[in-house]
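Comments concern the structure below.
These figures come from a predicted structure and were not determined experimentally. Only heavy atoms go into these numbers, but all of them, side chains included; no hydrogens, no water, no symmetry mates. Whatever order the structure lists ligands and atoms in, that order sets their numbers, starting from 1.
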Amino acid sequence: MLRERPNVIVVIGKSGQLAQAIRVNADPQSMVFMGRDDIDIVDFDKMSLSLDTHKITAVINASAYTAVDNAESDETSAFLLNEKAVKNLAVYCKNKSLRFIHVSTDYVFGGSKGSPYLPTDDYAPQSIYGASKMAGEVAVKDILGELGCIIRTSWVYSEFGNNFVKTMLRLMKEKPQLGVIDDQIGSPTSAIALAQACLTAVEKNISGVHHFTDAGVASWYDFAVSIQRCALDNGLLEHPIPIKAIPTSAYPTPAKRPSYSVLDKHSMIDAFGIEPRHWQAELESVLSKLK
Ligand SMILES: NC(=O)C1=CN([C@@H]2O[C@H](COP(=O)(O)OP(=O)(O)OC[C@H]3O[C@@H](n4cnc5c(N)ncnc54)[C@H](O)[C@@H]3O)[C@@H](O)[C@H]2O)C=CC1
């Protein structure tokens with residue numbers, strides 16, 4: 001006799017940092033991970049055919065166009081992934097009454113507030129990437145209303161893929177010294193902790209817009225100094241190099257970054273029942289896995 005296949009949570013964007021962290025956190029029996037080879041989220045009909053092959057309870061969208069600087073010269077691709085594909089997924093979830101967890105970014109804000117951004121604060125993206133992520137959020141809100149869940153996060157890193165921590169470790173091995181920006185303030189976030197928040201959103205049927213980051217704030221310079229200190233302590237690095245604090249103006253990039261993008265997490269702490277750990281504790285955990 002054929003066994004009934006269990007209901008599953010579908011995670012889109014299987015090779016990304018967040019999707020891989022969800023894979024580590026979750027019961028593999030109840031999850032299906034899909035990437036570009038498995039699903040075409042830009043084409044609604046093709047996407048629906050792929051999703052229809054599963055009995056789904058919820059969709060977590062961990063996919064995105066995340067190349068912040070490239071987006072400045074490739075607006076079409078950024079909006080295709082960050083708006084159109086998100087719309088497609090939201091409509092599918094609406095039609096099938098599925099929970100939809102969508103992940104967004106601090107870059108939807110302007111960066112000049114000076115105190116932590118609330119989930120209800122006005123949009124003011126400073127870059128194409130930020131504008132495309134804002135458009136995705138607006139689509140989720142329009143299509144799903146209070147049925148959708150948007151989790152905004154910032155400065156995501158992990159043992160998977162490419163991220164600031166891995167770049168710093170490489171440069172700290174290669175270079176005699178480093179200059180790191182000290183006038184952009186935010187909150188580093190371990191993808192593992194973010195993954196747990198996404199799974200909690202499914203489990204507790206949470207809707208609305210919430211912010212999840214690790215606790216505490218830092219500049220990129222503070223973050224780099226901590227990365228070096230932890231990596232020396234656990235043997236990932238052998239020798240320290242001088243790290244100099246530099247202003248944003250000394251490191252021009254195609255996309256403008258918010259100078260302040262700390263996210264207020266109170267609604268998330270209340271609804272999810274999660275108290276995020278300090279970013280330095282999360283950093284130690286990730287570096288111990290990289291060893
Ligand atoms: N990395 C960061 O610092 C931050 C990330 N976020 C958001 O968090 C979420 C997860 O980010 P990460 O895991 O760091 O990103 P990532 O860049 O590691 O992963 C994104 C994944 O989406 C996949 N993808 C792209 N186009 C696709 C398509 N057509 N079909 C299927 N998959 C496709 C990519 O192949 C990649 O595996 C994204 O929504 C991102 O905007 C928010 C704030 C900061």
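Among all protein heavy atoms, the one lying closest to atom 4 (C) of ligand 1 is Val156 CG2, 3.5 Å. If you check which protein heavy atom lies closest to atom 13 (O) of ligand 1, you get Leu18 N, 2.9 Å. Atom 33 (C) of ligand 1 has Ser63 CB, 3.8 Å as its closest protein atom, hydrogens excluded (heavy atom only).
If you chain together hydrophobic residues whose side chains sit under 4.5 Å apart, Leu118 and Ile150 never meet in one group.
Residue contact check: Trp155 has heavy atoms under 4.0 Å from atoms 3 (O), 44 (C) of ligand 1. Residue Gly13 approaches ligand 1 through these ligand atoms, each under 4.0 Å from one of its heavy atoms: 32 (N), 37 (O).
Although no hydrogens or angles enter the test, the distance criterion places a donor-acceptor pair under 3.5 Å between the side chain of Lys133 and the main chain of Val103. With hydrogens and angles disregarded, no donor-acceptor distance shorter than 3.5 Å links the side chain of Thr189 to the backbone of Thr153. Between the Tyr117 side chain and the Gly111 main chain, a donor and an acceptor come within less than 3.5 Å of each other.
Between Asp37 and Lys14 no salt bridge is recorded (no basic side-chain N to carboxylate O distance below 4.0 Å).
Ser158 does not count as a contact of ligand 1, since none of its heavy atoms falls under 4.0 Å from the ligand. At least one heavy atom of Tyr129 sits less than 4.0 Å from an atom of ligand 1. Distances from ligand 1 to the non-hydrogen atoms of Ala62 include at least one value under 4.0 Å. For the ligand labelled ligand 1, residue Thr153 lies inside the 4.0 Å heavy-atom shell.
Applying the side chain to side chain contact (heavy atoms under 4.5 Å, CB included) rule to Leu80 yields the partners Val42, Lys84; only residues at least two apart in sequence or on another chain are considered.
Minimum heavy-atom separation, Ile56 to Leu98: O-CD2, 3.1 Å.
Considering backbone and side-chain atoms together, Gln17 places an N or O closer than 3.5 Å to an N or O of ligand 1. Annotation: Gly35 places no N or O atom under 3.5 Å from an N or O atom of ligand 1; distance criterion only. Residue contacts with ligand 1: Asn61 is placed with no nitrogen or oxygen under 3.5 Å of a nitrogen or oxygen of the ligand (distance criterion only). Considering both main-chain and side-chain atoms, Gly16 comes within under 3.5 Å of ligand 1 through a nitrogen or oxygen pair.
A cation-pi arrangement is present between Arg23 and Phe33 under the rule of less than 6.0 angstrom and at most 45 degrees off the ring axis.
Between the side chains of Asp182 and Ser219, no donor-acceptor pair of N or O atoms lies under 3.5 Å. Gln184 and Ser259 share no donor-acceptor pair across their side chains, judged by distance under 3.5 Å alone.
Comparing Ser154, Ala64, Ser104 by heavy-atom distance to atom 42 (C) of ligand 1, the nearest is Ser104. When the options Asp38, Thr66, Leu81 are ranked by their closest heavy atom to atom 16 (P) of ligand 1, first place goes to Thr66. Which of Val103, Asn163, Asn162, Val68 comes nearest to atom 7 (C) of ligand 1 through a heavy atom is settled by distance: it is Val103. For the residues Arg36, Met47, Arg152, Lys133, the heavy atom positioned nearest atom 34 (C) of ligand 1 is part of Arg36.
Under the 6.0 Å cut-off for aromatic ring centres, Trp155 and Phe164 do not qualify, their centroids lying 6.0 Å or more apart.
Of all the heavy atoms of Tyr107, none lies under 4.0 Å from any atom of ligand 1, so neither backbone nor side chain is involved.
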